[in-house]
Structures are given as C-alpha cells and as structure tokens.
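In what follows, chains carry the letters A, B, and so on, assigned in the order in which the sequence lines appear, proteins first and then strands, with residues in each chain numbered from 1.
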Amino acid sequence: MLDLIVIGGGPAGLAAACSAHEHGLKNILIIERGAELGGILNQCIHNGFGLHIFKEELTGPEYAARFIEKLKGTGISVMTNTMVLKITPEKQVHIVNPSQGYRILHAKALLLAMGCRERTRGALCIPGERPAGILTAGAAQRYVNIEGFLPGKRVVILGSGDIGLIMARRMTLEGAKVLACVEIMPYSSGLNRNIVQCLRDFDIPLYLSHTVTDIKGRRRLERVIISKVDKELKAIPGTEIEFECDTLLLSVGLIPENELSAEAGIEIDWKTNGLIVYDNMETSVPGIFAAGNVVHVHDLADFVTEESMRAGACAAEYVQNGERAGETVKTVKGFGIGSLVPHKIRKEASKGKIEFYFRVNESFKNRSVIIESNNFTLARFKRKVMVPGEMERVTLDRACIPESGEITVKIENEDGGNEND
Amino acid sequence: MTELICIVCPMGCRLSIDDSMNVTGNSCKRGEAYGRQEVIDPKRIITSTVRIEGSAFRRCPVKTDRPIQKHLVFEAMKLLDGVKLVSPVNAGDFALKNILKTEVNFVVTKSM
C-alpha cells in the first residue's frame, strides 16, 4: 500500500508531494492527467511567478521546473497520461491510462490537488447566436502558447480576471487587435500590475460596469454588443456599443474541479464549489487532504505552493500518527466576507498559528478585519485597501481559539466600530 | 510629479515620482528602481514562444533575460518569427542573442 497518492501534478500537487516527502513519507505517487507535470503552469509562459517562494521572478514553466527538479532523487513516483475515474472514502483510487489500463490503487492518505477550471459561456447565459470564436481565455492561452495557433485577429475580452488580462497582452504581441476588455463590476478582479502592463501598455480600453448583451455571427463570430449595467448589474438600454470582432475570450471566474470529491461524499461548499477543510487542510473524510485551487481559487501560484506544503506536511503527520482528535470550532463568514478558509478548526490538532484566508465581497478602504467569538473580539487587523479580487490572509494564535462553538471573521462597520464592542 | 502603479511584483504599489526623481509609495528597493526607470526610459521583459522541432509540443517558451526598451517590444517580437529550435533544448539556452543590438537575449524557459 502507498503512503500517499496526490491527485494532480500542477503547482499544488508538486509542492504537496515534495513537502510530504520532506516530512518523512516514502511511498508517494503523483497522478497527472496531462502528458507532463506542471499543470497549467506550462501554458503560463509569462513571468511573475516565484517572487514569494524563490525571491525571484520566474515564468510558469520555470516555476514548475523548480519542483520537478526537486522530485528527482526523492523516490516519488509519477504517473502521467493517467485519468482518475473515482476515489473512495476508503482511499482507493480508480485510474485508467494507455499503458496499464484500468487499475485500483490504495493508499493510507490521499491529497486532492485537481485545481479548477474556467467558467464558460453556458454558465453566464449570454444571449445571442452561437457562432465559433467564443472561447475561454485559458483555452486561448493553450492554443497560442502550446499548440501554436492564434485563435483570432480581432478580439473582445469579457471579464478582467488575470488570465483575461494576460491574454489581452499575449494576443496583442502575436499580432491580434484587442478592441476592449469588458468587466461587469465597477472594479477589475485582476491584479493592478496586470491592468498596467497588459492593458495600458497597449492602449486597450477597459470598460468597467459593462457586459456583453448580444452576440452576432452565422458561422464565425462577427459582432459583440456590450451595454453599461446599473447597480443591480442589469443592462441599461441605449448604452450599447458594438464591436466588429472574430473572437470573444471569457475570463469570468474559476470553479474548483470537484466531481471526484463529490462522488466520494466529501463535503463541498456549494457556493464556491470548493472543498470544506479543517485548519490542517483535511477534508470531511479522515485521511483525505486537499490543497490549492480545488479548495479555493488563489491569486498567485506562490500562495498555492505555501498552502500545499502545509497540506503535504499535515498528510504526512496523519500517515505517521493517525487522525488527530479534538473539538471542532466552526468558522463563520461575517459582514463583508465572501469566502473563508478554513471552514473548521480543531484546536488541539496542532501547534502554532492558524491562517485564515478570505475574500471580501465588496471593496473596503481603511477598515479592520475582526475575528470574534461569542461577541468577544479575539483579534483585529488594520487594512488600507481590501478588494474582492485579492485574497487576504490573517493569522491567529491557536491559544486564542475557544474550546468549541464558532469563530466569526468580519469587516468592521463604517464608523470604525464593532456593534458588539 | 508622476503617479504610477508598480509592476515589479503582484502587490502593485502606487508610486509617486517627483521632478528630482524621488520615489515615494514603494514598499521595496526594486519598486524605487522601477519608478525611476519608468519615468526615464520604460523597459519590459518580453515572454513569448518560438517554433521547436523534435519535441512533443510545437512551441518552446522564451523570455528576454533582461528588460528591453518598451518601444522595441514589437520589433523584437517580429524577430522571433524567424527562430526555429531543435529539441533537445535546456532552460537558459539562448534562443536569439543580442536582440536589435541591445545586448539583451531571448532565452529558453523550458527544457524540452
């Protein structure tokens, strides 16, 4: 029997496997669906990776190579071109690949690192005709950077997430004309640096509070119509702008890829499709851990790496010492909090600090983050700016955690106070 | 006074650069250097791909080993159309040396 099977060979799986090995596990297997390790990093040829972890600026393939190199000499096995069909709470993994056919593997612990996938046109219900030329930004990125095809020449991008911004620059450099980047919210969900170096550098207009309201084209996309939206995000008649284009790229959010987890009965947060995890990144099924975008969508690969190293260490601890008991404290999203990880904390489960990761659901300036329990403030953290596009992190000493009950993370009220103070 | 958003790292600090080239609003030294450079002579790293033969994939990713002047970006991109690599290549190998006589080089970013 294997010690640990890691499902997914992207940044999360690679870091988790390396970390589990460093913490004493010997028999580790990484299962990867693609032809090579690295996952989506292989198509992210732009730079900006590694500033936190390696203190230097790397491209996606270079960042992946750091971990792939690290695997050498560890004895960690890798299966590529291998699809996981099913996992069970007993930690069986059903796989299929061209060389071995169908097999069932068994491990003492599993670590889920399947990442996420992009929302598509279908998820947005954009009205209009259904011509060719409408694809997700990530699909376009694969066409351009790996397959060597330019998917279009006149491009509109819907959504200002980082992948969309990066593709605006990439398509422009390859000779396409990017006419507009259209964002339904009054703010961009991408990093500021990407607005500057991907849009402004090339004079690509960013239409905030606008969305695509019609799509025209018989076989290939011919025109996209955008409209301004009101506060309820409803299109305002009379504000239409028409773009003649052959391509519409969608960068409208990512969904954790949890079909395998759902089938195994692992608890999922149905609002984000992310896994529900304890502070040690263990899911609702003992011995099944998770890390990276399968839990919650991160802004940076570096943060995925950090979280996955922690998850790998905790998985190693589980294999060596068994399940840790302890009272469970639930975490609750208070005012201003859109998503929050971890969902549950076991106070006695380990030492040190607990890291809370959250996103706000609207923009805030000069507000504090408050962690409270039973109307008692446990900690307060000042923040100059918080925006939904950027994940925030606060840490709390374990000694502060109550024995049971709930912990609420929230943003302070406008008057700077806390109604419970 | 020039106001800029720093692109050195994902923090995106808001920089102000006054007429005597003093940078404020930065959180690190790299940001200070960027702010000054951006006002004097903006430069960018270019990342792109080139053709490769003998590999499982058709494109090999490359980057400039140093930032290149912004106004040269499209000209530098054009030069990549003429580059064809043959597998095996290693990350760090030169794909194209001395781009437009700038002494900046395109280097391979993935061994393939």
Could you tell me which non-hydrogen atom of [X] sits nearest to which non-hydrogen atom of [Y], and how far apart they are?
X	Y	answer
A/Ile30	A/Gly13	CD1-O, 4.4 Å
B/Thr49	A/Asn145	CG2-O, 3.6 Å
A/Ala301	A/Leu41	CB-CD2, 4.3 Å
A/Gly138	A/Gln43	O-NE2, 2.9 Å
A/Thr80	A/Thr82	O-OG1, 2.8 Å

Indicate whether any N or O donor in one side chain lies under 3.5 Å from an N or O acceptor in the other, for [X] and [Y].
X	Y	result
A/His52	A/Glu306	no
A/Thr305	A/Tyr63	yes
B/Glu3	B/Ser16	yes

Do you know which of [options] has the most heavy-atom pairs under 4.5 Å to chain B?
options	value
A/Asp299, A/Asn47, A/Val144, A/Asn194	A/Asn47
A/Ile195, A/Asp302, A/Ile146	A/Ile146
A/Leu58, A/Leu300, A/Asp162	A/Leu300

Residues from [range] approaching chain A under 4.5 Å (heavy atoms):
range	answer
residues 76-101 of chain B	B/Met77
residues 51-75 of chain B	B/Phe57, B/Arg58, B/Arg59, B/Pro61, B/Lys63, B/Lys70, B/Val73, B/Phe74
residues 22-44 of chain B	B/Arg30, B/Arg44
residues 103-112 of chain B	B/Thr109, B/Lys110

Notebook entry, point to check: Looking at B/Ile7, B/Ile45, B/Ile5, which makes the most heavy-atom pairs under 4.5 Å with chain A?
Noted result: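 When all of B/Ile7, B/Ile45, B/Ile5 are compared, B/Ile7 has the most.
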Notebook entry, point to check: Between B/Val8, B/Ile46, B/Leu4, which residue shows the highest count of heavy-atom pairs closer than 4.5 Å to chain A?
Noted result: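 Winner by heavy-atom pair count: B/Val8.
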Next item on the list: Determine, using ring centers only, whether A/Phe67 and A/Phe49 are less than 6.0 Å apart.
Entry: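 No, the ring centres sit 6.0 Å or more apart.
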Checklist line | Test side chain to side chain donor-acceptor pair (under 3.5 Å) applied to A/Glu118 and A/Ser251, step by step | finding: CA-CA 8 Å; A/Glu118 297 174 281; A/Ser251 172; over 6 Å; no
Check: Is A/Glu32 reaching over with its side chain to a backbone N or O of A/Gly34, donor-acceptor style, under 3.5 angstrom?
Finding: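 Present.
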Notebook entry, point to check: Just by distance, do the side chain of A/Thr74 and the backbone of A/Lys72 share a donor-acceptor pair under 3.5 Å?
Noted result: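 Judged by distance alone, no pair lies under 3.5 Å.
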Notebook entry, point to check: Salt-bridged, A/Arg310 to A/Glu355, with N to O below 4.0 Å?
Noted result: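 So A/Arg310 pairs with A/Glu355 through a salt bridge.
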Checklist line | SB check A/Arg66 A/Glu62 (cutoff 4.0 Å) | finding: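 The answer is no: the pair does not qualify as a salt bridge.
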Item checked: Sub-4.5 Å side-chain heavy-atom contact between A/Ser363 and A/Pro388 ->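 A/Ser363 vs A/Pro388: side chains touch.
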Item checked: side chain to side chain contact (heavy atoms under 4.5 Å, CB included) between A/Val295 and A/Glu307, worked out -> CA-CA 10 Å; A/Val295 178; A/Glu307 179 179 284; 4.3 Å; yes
Next item on the list: Check the pair A/His46 / A/Cys198 against side chain to side chain contact (heavy atoms under 4.5 Å, CB included), numbers first and verdict last.
Entry: CA-CA 11 Å; A/His46 54 278; A/Cys198 298; over 6 Å; no
Proximal component of [X], with respect to chain B [non-hydrogen, under 4.5 Å]:
X	answer
A/Ile45	both
A/Glu57	both
A/Leu51	side chain

Item checked: Audit row: A/Asn97, A/Asn81, side chain to side chain donor-acceptor pair (under 3.5 Å) steps and yes/no -> CA-CA 6 Å; A/Asn97 68 33; A/Asn81 285 318; over 6 Å; no
Item checked: A/His296 and A/Tyr357 aromatic ring geometry - parallel, tilted or perpendicular at 30°/60° bounds ->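 Rings of A/Tyr357 and A/His296: perpendicular, over 60°.
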Check: Checking salt bridge (charged side-chain N to carboxylate O under 4.0 Å, His left out) against A/Glu392, which of A/Arg367, A/Arg359, A/Arg383, A/Lys384 comes through?
Finding: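 Checked A/Arg367, A/Arg359, A/Arg383, A/Lys384 against A/Glu392; only one passes salt bridge (charged side-chain N to carboxylate O under 4.0 Å, His left out): A/Arg383.
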Next item on the list: Would you mind checking which part of B/Cys13 comes under 4.5 Å of any heavy atom in chain A, side chain (CB onward), backbone (N, CA, C, O), both or neither?
Entry: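 Looking at B/Cys13, nothing touches chain A.
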Checklist line | Chi angles and distances behind the side chain to side chain contact (heavy atoms under 4.5 Å, CB included) call for A/Val394, A/Phe358 | finding: CA-CA 9 Å; A/Val394 294; A/Phe358 65 90; 4.2 Å; yes
